[in-house]
Amino acid sequence: QELAPRRGDVVLRKVTSSAFASTGIDVILRNMGIEYLFITGQNTDGCVLYTSIDARDRGYRLTLVSDACITLDRVKHKAILALYRANW
């Protein structure tokens with residue numbers, strides 16, 4: 001219940017690896033004047049990475065919250081975090 005959407009929350013249905021590829025998130029964030037994003041989520045080596053790259057390509061400033069991301073393979077998780085630190 002603590003994570004359930006509340007009145008006024010924006011809820012998007014993401015069906016691709018990147019949230020930017022299959023939702024209207026870019027338009028919504030720009031209309032809200034959002035420039036900075038905190039990235040969290042499942043599949044550090046998939047959805048988190050692809051959404052981060054797409055957000056950066058669109059000019060957003062990002063913070064990847066490393067202890068709020070996860071994937072099944074810890075080696076891949078650490079590798080993506082290292083890649084992120086080295087590039088962004």
Side-chain angles (χ1 to χ4, degrees):
Q1 276 188 346
E2 292 134 8
L3 298 177
R6 296 184 180 151
R7 175 179 264 168
D9 285 351
V10 175
V11 178
L12 303 172
R13 185 171 186 268
K14 183 179 83 68
V15 296
T16 56
S17 296
S18 169
F20 287 89
S22 62
T23 72
I25 194 169
D26 189 36
V27 171
I28 292 167
L29 294 173
R30 291 190 191 285
N31 286 337
M32 295 172 71
I34 303 295
E35 298 176 35
Y36 299 89
L37 302 176
F38 289 93
I39 305 293
T40 67
Q42 292 180 315
N43 298 344
T44 312
D45 56 331
C47 298
V48 172
L49 176 63
Y50 299 132
T51 296
S52 297
I53 290 169
D54 281 353
R56 292 288 300 173
D57 285 349
R58 287 169 172 79
Y60 292 96
R61 303 197 52 182
L62 307 178
T63 298
L64 179 64
V65 185
S66 60
D67 60 348
C69 298
I70 192 168
T71 198
L72 295 175
D73 185 327
R74 187 131 177 92
V75 173
K76 286 182 182 179
H77 175 76
K78 287 183 177 186
I80 295 303
L81 295 179
L83 174 73
Y84 189 88
R85 276 188 217 97
N87 290 287
W88 302 293

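Since the model is a prediction, treat every value here as computed from it, not as a measurement.
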Distance only, no hydrogens: is a donor on one side chain within 3.5 Å (strictly under) of an acceptor on the other, for Tyr60 and Asp26?
yes
Does the side chain of [Y] come within less than 4.5 Å of [X]'s, by heavy atoms?
X     : Y     : result
Leu12 : Ile28 : yes
Cys69 : His77 : yes
Thr51 : Leu49 : no
Leu29 : Leu37 : yes

More than 12 heavy atoms from other groups under 6.0 Å of CZ on Arg61:
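Open: at most 12 neighbouring heavy atoms sit under 6.0 Å from CZ of Arg61.
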Does atom NZ of Lys14 have more than 12 heavy-atom neighbours from other groups under 6.0 Å away?
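Above 12, so yes.
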Indicate if [X] and [Y] have the same hydrophobic cluster label, given that clusters are the connected sets of ILVMFWY residues with side-chain heavy-atom separations under 4.5 angstrom.
X     : Y     : result
Ile39 : Met32 : yes
Ile70 : Val48 : no
Ile34 : Ile25 : yes

Passes side chain to side chain contact (heavy atoms under 4.5 Å, CB included), Tyr84 versus Leu62? Steps please.
CA-CA 10 Å; Tyr84 189 88; Leu62 307 178; 3.0 Å; yes
What is the distance from atom [atom1] of [X] to atom [atom2] of [Y], rounded to the nearest 0.5 Å?
X     : Y     : atom1 : atom2 : value
Ser52 : Asn87 : OG    : CG    : 11.5 Å
Asp67 : Leu64 : CG    : CG    : 9.5 Å
Asp73 : Thr44 : CG    : OG1   : 10.0 Å

Taking all atoms of both residues into account, what is the closest heavy-atom pair of Ala55 and Phe20, and its distance?
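Closest pair (atom of Ala55, atom of Phe20, distance): CB-CE1, 3.5 Å.
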Can you check whether Val15's main-chain N or O pairs, donor with acceptor, with Ser22's side chain at less than 3.5 Å?
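Judged by distance alone, yes, a pair lies under 3.5 Å.
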